[in-house]
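Notes to accompany the following structure.
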Amino acid sequence: MITGIAAKNQTKNSSSFTSSVWQRALASAVRDPFELIRLLELEGQGAEVSLEAARQFRLLAPHSYVRRMKKGDWNDPLLRQVLPLSAEIQLTQGFVSDPVGDHEAMVTDGVLHKYQGRVLLVTTGACAIHCRYCFRRHFPYSEANPARDHWKEALDYIASNPEITEVLLSGGDPLTLSDERLSNLCERLAAIEHVQRIRLHTRLPIVLPERIDERLLTGLSQLKKQVIMVIHANHAHEFQDAEVQAGLKALREIGVLLLNQTVLLRGVNDNVPALAALSEALVAANVMPYYLHILDRVQGAAHFEVPEAEAKALVAALRLQVPGYMVPQLVREVAGEGAKTPL
Ligand SMILES: *Cc1c(COP(=O)(O)O)cnc(C)c1O
Ligand code: SF4
């Protein structure tokens with residue numbers, strides 16, 4: 001069922017001045033709920049699709065990702081991550097716009113310094129997919145734009161703090177930056193002596209595998225510092241794509257350490273078989289399970305929440321089914337804490 005305002009005729013990004021295969025794939029991603037419904041041959045009233053929710057945070061899903069969804073299934077775990085539902089409009093007590101205290105932790109434009117030894121750089125507001133549960137969906141990207149001065153303030157901050165040994169590139173998604181901008185940023189970070197590791201937090205290897213192309217691989221392999229990539233996979237079905245597998249293999253072959261973090265999501269991966277299959281798929285792709293996050297209580301995402309007690313029971317049951325290295329750490333992000341809080 002469709003509720004809310006009439007669909008806006010959303011214009012697609014022009015691809016006339018972009019050239020890479022991945023940029024064209026991103027430009028042609030699905031942005032219209034009706035198109036998604038048609039592509040997946042969804043019928044009847046399987047879910048309360050909301051155009052108002054899509055107006056507040058628009059639908060975005062690359063075709064490669066959509067092809068991994070099961071046709072005709074409103075409950076497909078990949079579809080659930082991107083489909084705008086009327087449940088998002090409902091205000092729920094305790095669900096706020098900045099649940100993890102990012103505003104407080106912002107030391108300069110787009111630089112979050114919460115934990116010892118590492119800083120997080122909000123490199124862009126852009127993503128290749130819009131995850132309905134995203135805790136940054138209300139983030140004021142235009143106010144926190146470190147690219148405004150060509151990263152100068154952010155780089156100055158890092159350069160003048162010798163305790164910073166690791167820089168996390170986040171966003172949005174750092175791999176939506178062009179190769180020019182990404183390599184410019186990475187090279188300048190790598191030039192800071194005390195920075196030992198550059199860590200990219202990205203969903204693109206999963207949702208837009210075209211992004212892992214020769215130019216990116218060459219750029220990353222030339223960096224003089226260790227590169228870590230934390231992919232954000234939530235379900236084993238996300239690996240059912242030869243290009244995803246090939247991209248991860250290529251990253252591994254240039255020496256990138258691959259880790260995964262998952263958000264525990266109602267209706268997506270909130271059962272032991274789904275979590276076990278995800279861990280199996282990760283390890284088969286040489287990606288180590290790292291974190292399993294309790295959902296951040298962001299407005300509009302309450303219907304994805306799995307209560308803490310249930311989450312703990314799921315992980316305890318998972319531990320009995322898979323090798324220890326396949327069990328991610330269950331954590332919650334608590335505003336003001338010096339690290340993620342293990343549960
Ligand atoms: C999550 C997070 C990190 C990284 O934490 P790790 O436990 O090292 O993965 C760093 N900075 C910020 C602001 C974060 O939110
Ligand atoms: S890719 Fe990450 S930042 Fe972007 S919408 Fe999804 S969860 Fe949020």
Side-chain angles (χ1 to χ4, degrees), residues 26 29 56-62 65 78 80-84 88 98-108 110-139 141 144 146 154 157-158 161 163-177 196-208 211 228-235 238 257 259-265 268 288-296 298 300-301 304 328-342:
L26 181 53
Q56 290 182 13
F57 186 49
R58 84 171 168 181
L59 167 75
L60 180 64
Y65 194 70
L78 279 56
R80 284 278 154 175
Q81 295 179 54
V82 300
L83 192 65
E88 294 172 31
D98 178 17
V100 297
D102 276 350
H103 251 114
E104 289 280 291
M106 183 108 49
V107 288
T108 172
V111 181
L112 302 179
H113 196 177
K114 282 194 199 173
Y115 306 150
Q116 188 173 329
R118 54 238 198 261
V119 292
L120 183 151
L121 225 71
V122 178
T123 58
T124 169
C127 293
I129 185 168
H130 283 175
C131 315
R132 307 314 300 179
Y133 56 84
C134 181
F135 77 98
R136 292 232 167 87
R137 56 187 291 164
H138 308 286
F139 193 82
Y141 285 107
Y157 179 82
I158 295 163
N161 278 275
E163 72 111 359
I164 297 168
T165 52
E166 180 165 335
V167 179
L168 282 73
L169 304 186
S170 181
D173 198 308
L175 285 187
T176 61
L177 295 173
Q196 292 166 12
R197 295 175 297 276
I198 298 173
R199 189 202 309 182
L200 290 103
H201 275 258
T202 175
R203 287 208 84 188
L204 268 76
I206 295 293
V207 304
L208 194 77
R211 181 66 182 98
I228 301 173
M229 200 175 275
V230 183
I231 64 169
H232 291 211
N234 292 321
H235 197 277
E238 294 176 339
L257 174 64
L259 305 172
N260 180 64
Q261 72 178 45
T262 298
V263 183
L264 185 58
L265 298 165
V268 174
M288 286 303 288
Y290 179 35
Y291 281 148
L292 178 62
H293 275 267
I294 295 277
L295 182 82
D296 294 314
V298 65
F304 282 117
Q329 278 184 70
L330 181 66
V331 292
R332 175 192 285 289
E333 182 150 357
V334 180
E337 292 287 311
K340 312 282 186 243
T341 306

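Each ligand, and each atom within it, is numbered from 1 in the order the structure gives. Computation of the quantities below employed the complete heavy-atom set of this structure, encompassing side-chain atoms and omitting hydrogens, waters and symmetry-equivalent molecules.
Judged purely by atom type and a 3.5 angstrom limit, Asp173 uses its side chain to pair as donor or acceptor with the backbone of Arg203. Side chain of Thr108 to backbone of Ala154: no donor-acceptor contact under 3.5 angstrom is found.
Relative orientation of the Phe57 and His130 rings is parallel, given thresholds of 30° and 60° on the angle between their planes.
Among the backbone and side-chain atoms of Cys131, an N, O or S atom lies under 2.8 Å from atom 6 (Fe) of ligand 2.
In this model, a donor atom of one side chain and an acceptor atom of the other lie less than 3.5 Å apart for Tyr65 and Glu238.
Environment of CD in Gln116: sparse, with no more than 12 heavy atoms of neighbouring residues, nucleotides or ligands closer than 6.0 Å.
With atom 4 (Fe) of ligand 2 as the reference point, the heavy atom nearest to it among Cys127, Gly125, Ala126 is part of Cys127. The heavy atom nearest to atom 13 (C) of ligand 1, out of those in His201, Lys114, Gln329, is found in Lys114.
Scanning all heavy atoms of the two residues, the minimum distance from Asn234 to Leu265 falls at ND2-CD1, 4.0 Å.
For Leu168, every heavy-atom contact with ligand 1 shorter than 4.0 Å involves the side chain, none the backbone. At a 4.0 Å heavy-atom cut-off, ligand 1 touches Arg199 through the side chain alone. Contacts between Glu333 and ligand 1, counted as non-hydrogen atom pairs separated by less than 4.0 Å, involve the side chain only.
For Tyr115, no nitrogen or oxygen atom sits less than 3.5 Å from a nitrogen or oxygen atom of ligand 1, counting backbone and side chain alike.
Here is the list of ligand 1 atoms found below 4.0 Å of a heavy atom in Tyr290: 6 (P), 7 (O), 8 (O), 9 (O).
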